[in-house]
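Since the model is a prediction, treat every value here as computed from it, not as a measurement. Order of the sequence lines fixes the chain letters, A, B, ..., with proteins taken first and strands second; residue numbering starts at 1 for each chain.
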Protein chains: 2
Amino acid sequence: MQKNSLMTTRDTIIQVADHLIRDKGFNAFSFKDISIAIGIKTASIHYHFPTKTDLGIATIKGHIERLEALKAELENKSPLTKLEGFFSIYSAVKSENKVCIVGSLATDLHTVEEGIQKELKVLAEKILEWVTEILEEGKAKNAFAFQVAPRTKALLIITNMLAIVQLSRLTKADDFTLLKETIIQELKPKTE
Amino acid sequence: MQKNSLMTTRDTIIQVADHLIRDKGFNAFSFKDISIAIGIKTASIHYHFPTKTDLGIATIKGHIERLEALKAELENKSPLTKLEGFFSIYSAVKSENKVCIVGSLATDLHTVEEGIQKELKVLAEKILEWVTEILEEGKAKNAFAFQVAPRTKALLIITNMLAIVQLSRLTKADDFTLLKETIIQELKPKTE
DNA sequence: TTTCACCTATCTATCAGTAGGTAGATAATT
DNA sequence: AATTATCTACCTACTGATAGATAGGTGAAA
């Protein structure tokens with residue numbers, strides 16, 4: 001997590017904020033933390049983002065953009081590859097022992113301003129829509145088998161991912177991989 | 001959430017702290033919030049709990065005690081009743097639009113002192129053990145049917161509950177009930 | 001007479017945010 | 001081409017609010 005010379009200061013601030021939010025939570029990080037991490041004064045951060053809320057919104061928008069990019073990149077791949085692509089987001093999160101931004105900000109929801117709440121709801125909805133689509137396609141193509149509605153199955157899988165990155169901070173880090181593989185295994189159609 | 005005249009001040013402080021942690025997160029609540037809620041000065045809270053960490057630990061211990069009490073109360077009941085008892089914890093959480101204390105503190109984990117981290121790990125482990133036991137018993141008695149290891153299935157169910165109280169703050173509040181009922185339905189043995 | 005459960009008053013640290021200044025790059029005007 | 005004006009991306013210095021925590025005092029109960 002270092003400032004790439006090709007990145008603008010603005011993007012570097014967002015990147016550092018993102019890591020801090022997912023490591024410690026929105027209320028536990030300060031402009032000072034970012035200031036130290038990238039070597040500019042806290043007042044200069046306000047030049048790029050007038051308020052902490054503005055920075056929070058920009059951070060979530062960054063996640064939405066990356067999600068859309070990943071979705072587009074996997075558009076012509078198989079449902080399984082798409083699902084594995086979705087899981088790879090959480091694998092990256094877990095490898096840093098951080099948590100998902102949706103989970104982090106959902107617990108802080110009642111302490112942040114409306115702009116952040118609204119943007120977070122957009123992100124959550126997009127994740128849910130995408131996973132639902134993947135499952136629908138997978139079922140239609142007999143790549144996946146499950147009994148409940150695709151949106152319900154998507155909620156089950158997303159909640160598994162969202163919470164295991166949190167819970168495995170307390171139990172065992174390996175539990176993340178265990179769940180990820182179990183979910184994929186259970187989705188496979190039984191060949192009997 | 002009012003001070004019951006039968007409760008000690010100490011217990012009232014813990015109760016208010018618990019609600020604040022699960023509503024806003026550990027770093028977003030202050031002694032001032034408790035002070036206002038129960039009508040004593042912030043300095044007086046320090047009489048009962050020298051530090052915020054002490055209060056956090058006591059709050060988690062309260063959850064452990066209530067978990068043990070619930071477990072004991074349901075000891076002779078059916079596996080399904082036990083599982084429904086476990087789910088009732090999250091139903092209560094969701095009815096207040098709050099989140100599970102484990103999820104709340106897991107996201108804040110890297111900002112709290114070791115004492116809180118340790119106590120939280122104890123709570124998480126006890127939850128996991130209990131749900132694993134319920135599932136094992138349910139499988140042995142043919143009340144539940146599932147393919148994976150009981151501990152793995154417990155992780156799947158706990159993560160569903162832990163995250164749906166967070167995620168349904170962003171999607172639909174009804175999604176909580178949807179998942180709860182789906183999980184119970186899927187556990188029932190197929191009678192074909 | 002000691003303990004309990006509070007109080008007032010205060011401390012230091014940190015927070016997000018603001019005012020106003022500046023060096024250097026870029027654009028506009030002469 | 002030379003000069004002038006404006007913009008960008010920072011800076012120093014500061015504010016008011018709030019945080020957790022501490023010292024020392026008080027009245028009532030044991």
Side-chain angles (χ1 to χ4, degrees), chain A residues 3-21 23-60 104-105 108-117 119, chain B residues 3-21 23-60 104-105 108-117 119:
Chain A
K3 173 165 175 167
N4 183 319
S5 56
L6 297 173
M7 287 176 72
T8 63
T9 300
R10 191 192 137 92
D11 287 340
T12 309
I13 293 169
I14 291 174
Q15 195 190 67
V16 173
D18 178 46
H19 278 82
L20 288 166
I21 292 170
D23 188 43
K24 319 196 319 178
F26 190 78
N27 294 305
F29 91 89
S30 70
F31 279 46
K32 186 92 200 172
D33 295 326
I34 299 175
S35 163
I36 291 166
I38 70 178
I40 66 171
K41 298 292 164 179
T42 60
S44 309
I45 302 168
H46 283 283
Y47 168 78
H48 297 279
F49 303 97
T51 68
K52 197 179 180 183
T53 294
D54 293 319
L55 176 54
I57 292 171
T59 305
I60 301 169
S104 177
L105 290 174
D108 293 343
L109 198 72
H110 297 164
T111 73
V112 298
E113 285 176 27
E114 208 189 320
I116 293 182
Q117 296 186 16
E119 207 62 42
Chain B
K3 175 167 173 167
N4 184 318
S5 56
L6 296 173
M7 288 175 72
T8 63
T9 300
R10 190 192 138 91
D11 287 340
T12 308
I13 293 168
I14 292 175
Q15 195 190 66
V16 172
D18 177 47
H19 278 83
L20 288 167
I21 292 170
D23 188 43
K24 319 198 315 180
F26 189 77
N27 294 304
F29 92 89
S30 70
F31 279 47
K32 187 91 198 173
D33 295 327
I34 299 175
S35 162
I36 291 166
I38 69 178
I40 66 171
K41 300 290 164 181
T42 60
S44 307
I45 301 169
H46 284 282
Y47 168 77
H48 296 279
F49 303 97
T51 69
K52 198 179 179 183
T53 294
D54 293 320
L55 175 53
I57 293 171
T59 304
I60 302 169
S104 177
L105 290 174
D108 293 342
L109 197 73
H110 297 164
T111 75
V112 298
E113 286 176 26
E114 208 188 320
I116 292 181
Q117 295 185 16
E119 205 64 40

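- As rounded to whole Å, 7 Å separates atom C1' of dG20(D) from atom CZ of Phe31(B).
- By the 4.5 Å heavy-atom criterion applied to side chains, Lys24(B) and Asp33(B) are counted as neighbours.
- Ile40(A) has its side chain within reach of Ile45(A): a pair of non-hydrogen atoms, C-beta onward, lies under 4.5 Å apart.
- Annotation: the span from Ile57(B) atom CD1 to Ile60(B) atom CD1 amounts to 7.0 Å, rounded to 0.5 Å.
- When the P atom of dC15(C) is taken as reference, atom CG of Asn27(B) falls 11 Å away, rounded to whole Å.
- In this structure, Lys52(B) atom NZ and dT18(D) atom P are separated by 15 Å, rounded to whole Å.
- Two residues are said to be in side-chain contact when any heavy atoms from C-beta on lie closer than 4.5 Å; Thr8(B) and His48(B) fail this criterion.
- With the end axes of the helix from dT1(C)-dA30(D) to dT30(C)-dA1(D) each set by five pairs, the angle from one to the other reads 0° at 10° resolution.
- Taking only side-chain nitrogens and oxygens, Ser30(B) comes nearer than 4.0 Å to OP1 or OP2 of dA19(D).
- Side-chain contact check for Arg10(B) versus Ile14(B): some heavy-atom pair is nearer than 4.5 Å.
- At whole-Å resolution of the value, CD1 in Ile34(A) and C1' in dC15(C) are 13 Å apart.
- If you measure from atom CG of Asp54(B) to atom P of dG20(D), you get 13 Å, rounded to the nearest angstrom.
- Rounding to whole angstrom units, CZ of residue Phe29(B) and C1' of dT18(D) are separated by 15 Å.
- Taking OG from Ser44(B) and CD1 from Ile34(B), the interatomic distance works out to 12.0 Å, rounded to the nearest 0.5 Å.
- The stretch residues 39-49 of chain B touches DNA chain D through Ala43(B), His46(B), each having a heavy atom within less than 4.0 Å of the strand.
- Distance check, rounded to the nearest 0.5 Å: CD1 of Ile116(A) to CD1 of Ile21(A) gives 7.0 Å.
- In plain terms, the two heavy atoms of Phe29(B) and Lys52(B) that are nearest each other are O-NZ, 2.8 Å.
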